[in-house]
Amino acid sequence: MHFLEGVAWRALAGDRDAVDTLACELRVEMVAHAHAHLARFDVDAEDVVDELLLSMLEGTLPMPARGESAVLWILREVASLAAAGE
């Protein structure tokens, strides 16, 4: 299990402090993951991550399935947004 698993679950539930912690601790990995999956060169990996973090704060993201890793789910969402060019 990833050491940020509990923080990731709280962030997905909209906990502002958890989103801040996740942004500080996992941002570099999230941006690198977004960059690796960018479909278009006019989309910025940082923007993809910012959009995901904002969605967490707004509570507009679906929650991962019970038993699924929240950290891995977040990275898949980053990849999906980057591939979609959002």
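As the structure is a prediction and not an experimental result, all values here were calculated from the model. Quick note: numbers below take in every heavy atom, side chains included, and nothing from hydrogens, waters or symmetry partners.
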Q: Before giving the answer on side chain to side chain contact (heavy atoms under 4.5 Å, CB included), spell out for W73 and L12 the whole-Å C-alpha distance, their side-chain angles and the decisive distance to 0.1 Å.
A: CA-CA 10 Å; W73 186 89; L12 287 169; 3.6 Å; yes
(Q) Show the nearest heavy-atom pair for residues L38 and A45, with the distance to one decimal. (A) CD1-N, 4.2 Å
Do any side-chain atoms of residues 22-35 form donor-acceptor pairs under 3.5 angstrom with protein atoms, and if so which ones, sequence neighbours left out?
residue : atom : partner : partner atom : Å
R27     : NE   : E46     : OE1          : 3.3
R27     : NH1  : D50     : OD1          : 3.2
R27     : NH2  : E46     : OE1          : 2.8
R27     : NH2  : D50     : OD1          : 2.5
H33     : NE2  : L75     : O            : 3.3

Q. Would R16 and L57 count as a side chain to side chain contact (heavy atoms under 4.5 Å, CB included) if you check the C-alpha gap in whole Å, the side-chain angles of each, and the deciding distance to 0.1 Å?
A. CA-CA 6 Å; R16 182 174 296 278; L57 288 172; 3.9 Å; yes
Q. So, E77 side chain and L52 main chain: donor-acceptor pair closer than 3.5 Å or not?
A. no
Q) What distance do S69 atom OG and H2 atom NE2 have between them, rounded to the nearest 0.5 Å? A) 8.0 Å
Q. Mind checking whether V7 and M63 sit in one hydrophobic cluster, side chains of I, L, V, M, F, W, Y counted as touching below 4.5 Å?
A. yes
Q.
On a heavy-atom basis, which atom in A11 and which in A18 lie closest, and how many Å separate them?
A. N-CB, 3.5 Å
Q. How long is the gap from CE on M56 to CG on D20, to the nearest 0.5 Å?
A. 11.5 Å
